[in-house]
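Every heavy atom of this structure was used, including side-chain atoms; hydrogens, water molecules and symmetry mates were not.
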Amino acid sequence: QVQLVESGGGWVQAGGSLRLSCAASGRTFSTYVMGWFRQAPGKEREFVAAISLSGCTTYYSASVKGRFTNSRDNTKNTVYLQMNSLKPEDTAVYYCAADISVVVISRERDYDYWGQGTQVTVSS
């Protein structure tokens with residue numbers, strides 16, 4: 001089992017940057033695929049990014065590709081989401097998620113473990 005705690009959210013003007021962190025408990029962090037999802041007010045939670053066990057492979061939704069960078073440091077049990085060129089439509093609660101076995105990287109139900117979320121607000 002793993003517990004996840006996100007941090008780094010906040011308020012930023014359009015065009016700005018934020019870096020989210022997700023710290024995981026436990027000694028087996030490197031065995032978990034890590035994902036990022038977000039939920040805007042009145043909308044369903046959607047996939048943002050994911051990263052493989054080693055960090056060598058990353059996945060992004062079309063809406064964030066080229067602007068967001070997902071990385072992980074297995075020595076620190078932490079995954080990061082660097083968000084650049086932020087837009088008002090990026091405003092949402094961002095969640096990190098983890099699972100040992102993920103069949104469809106962008107599918108919410110494939111992840112068993114979730115953080116509490118961190119708010120990101122981008123003003124125009």
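Placement of Y113 and F29 within a single hydrophobic cluster is found when ILVMFWY residues are connected by side-chain heavy-atom separations under 4.5 Å, directly or transitively. Under a hydrophobic-cluster definition in which Ile, Leu, Val, Met, Phe, Trp and Tyr are linked whenever side-chain heavy atoms come within less than 4.5 Å, directly or via other members, Y60 and V102 are assigned to different clusters. Clustering ILVMFWY residues whenever any of their side-chain heavy atoms sit less than 4.5 angstrom apart, transitively, puts M34 in a cluster other than the one holding Y95. Placement of V79 and V93 in two distinct hydrophobic clusters is found when ILVMFWY residues are connected by side-chain heavy-atom separations under 4.5 Å, directly or transitively. By the rule that hydrophobic residues join a cluster once side-chain heavy atoms approach within less than 4.5 Å of another member, V122 and V48 end up as members of one cluster.
When atom types are taken as modelled, the side chain of D99 and the backbone of D112 share a donor-acceptor pair closer than 3.5 angstrom. R72 contributes no side-chain N or O that, together with a main-chain N or O of G55, makes up a donor-acceptor pair within less than 3.5 Å. Formation of a donor-acceptor pair under 3.5 Å by the E6 side chain with backbone atoms of C96 is found in this model.
Taking the side chain as every heavy atom from C-beta outward, S63 and R38 approach each other to under 4.5 Å.
From N70, atom CG reaches atom OG1 of T57 across 11.5 Å, with rounding to the nearest 0.5 Å. Between atom OH of residue Y94 and atom CG of residue L81 there is a gap of 7.5 Å, rounded to the nearest 0.5 Å. The distance from the CD atom of Q3 to the CG atom of N77 is 12.5 Å, given to the nearest 0.5 Å. To the nearest 0.5 Å, atom CZ of residue R19 and atom CE of residue M83 are 11.5 Å apart. Distance check, rounded to the nearest 0.5 Å: CG of L4 to OH of Y111 gives 11.5 Å. With rounding to the nearest 0.5 Å, the separation of CZ in F68 from OG1 in T58 is 13.5 Å.
Residues Y80 and D73 share a closest heavy-atom pair of CE1-CB, 4.1 Å. S25 and V2 make their closest contact through O-CG2, 3.2 Å (heavy atoms, listed as atom of the first residue, atom of the second, distance). Listed here is the closest heavy atom pair of P88 and S123: CG-C, 4.4 Å. Minimum interatomic distance between V33 and I51 (heavy atoms only, all atoms of both residues): CG1-O, 3.6 Å. When all heavy atoms of Y32 and L53 are compared, the pair lying nearest together is C-CD2, 3.3 Å. In this structure, L18 and L86 approach most closely via the heavy-atom pair N-CD1, 3.8 Å.
More than 12 heavy-atom neighbours from other residues, nucleotides or ligands sit within 6.0 angstrom of CD on E89.
Using bins of under 30°, 30° to 60° and over 60° for the plane-to-plane angle, the ring pair F47/F37 lands in the perpendicular bin.
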